[in-house]
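First up is the structure itself, then whatever we jot down about it.
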Amino acid sequence: MKHFVMILIGALVLYGCWNLTSPLTRKNASKTLARHAFRLIAFGLFLIVLLIIAYYTPALHLL
C-alpha cells in the first residue's frame with residue numbers, strides 16, 4: 001500500500017509538472033518519448049523477465 005501511495009503521489013507530481021511546462025517543451029518531450037518508446041518498453045520488459053527469473057531461481061549455496 002505504501003508503494004501505491006508513493007507511485008500515486010509521483011504520478012500527480014509529474015502530471016502537475018507536465019501542465020506547468022510550455023507547449024513547446026511538451027511537444028519536444030512528446031517527440032523524444034515517441035522516438036525512444038520502443039527501447040523503454042523493451043528495457044522494462046527485460047527487467048520484469050529478470051525479476052521473474054530471480055523469483056523462481058533458488059539461491060546459490062556458496063559456503
Side-chain angles (χ1 to χ4, degrees):
M1 188 66 179
K2 176 176 56 171
H3 292 96
F4 173 74
V5 172
M6 290 171 58
I7 291 171
L8 180 65
I9 291 171
L12 290 173
V13 167
L14 285 174
Y15 178 74
C17 290
W18 182 259
N19 283 323
L20 291 175
T21 58
S22 68
L24 181 60
T25 304
R26 285 193 296 238
K27 184 177 179 182
N28 290 338
S30 297
K31 284 182 181 179
T32 302
L33 286 175
R35 190 169 50 238
H36 297 291
F38 178 73
R39 292 179 194 152
L40 292 172
I41 291 170
F43 184 68
L45 289 175
F46 179 68
L47 290 178
I48 291 172
V49 168
L50 287 178
L51 179 65
I52 292 170
I53 290 171
Y55 179 77
Y56 285 110
T57 305
L60 296 174
H61 298 288
L62 297 176
L63 298 176

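Residue numbers run from 1 in the order of the sequence given.
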Would you give the length of the straight line joining atom CD1 of Ile9 to atom CZ of Phe4, rounded to the nearest 0.5 angstrom?
10.0 Å

When rounded to the nearest 0.5 angstrom, what is the spacing between CZ in Phe43 and CG in Leu45?
11.0 Å

Taking all non-hydrogen atoms of both residues, which atom of Arg26 and which atom of Thr21 are closest, and how far apart?
CG-OG1, 3.1 Å

Please list, chain by chain and in numerical order, all residues satisfying side-chain contact (heavy atoms from CB on, under 4.5 Å) with Thr57, sequence neighbours excluded.
Ile53

Are Tyr56 and Ile48 co-members of a hydrophobic cluster defined by side-chain heavy atoms under 4.5 Å apart?
yes

So if you build clusters from Ile, Leu, Val, Met, Phe, Trp, Tyr with side-chain heavy-atom gaps below 4.5 Å, do Phe38 and Ile41 land together?
no

Distance, nearest 0.5 Å, that separates NZ of Lys27 from NZ of Lys31:
4.5 Å

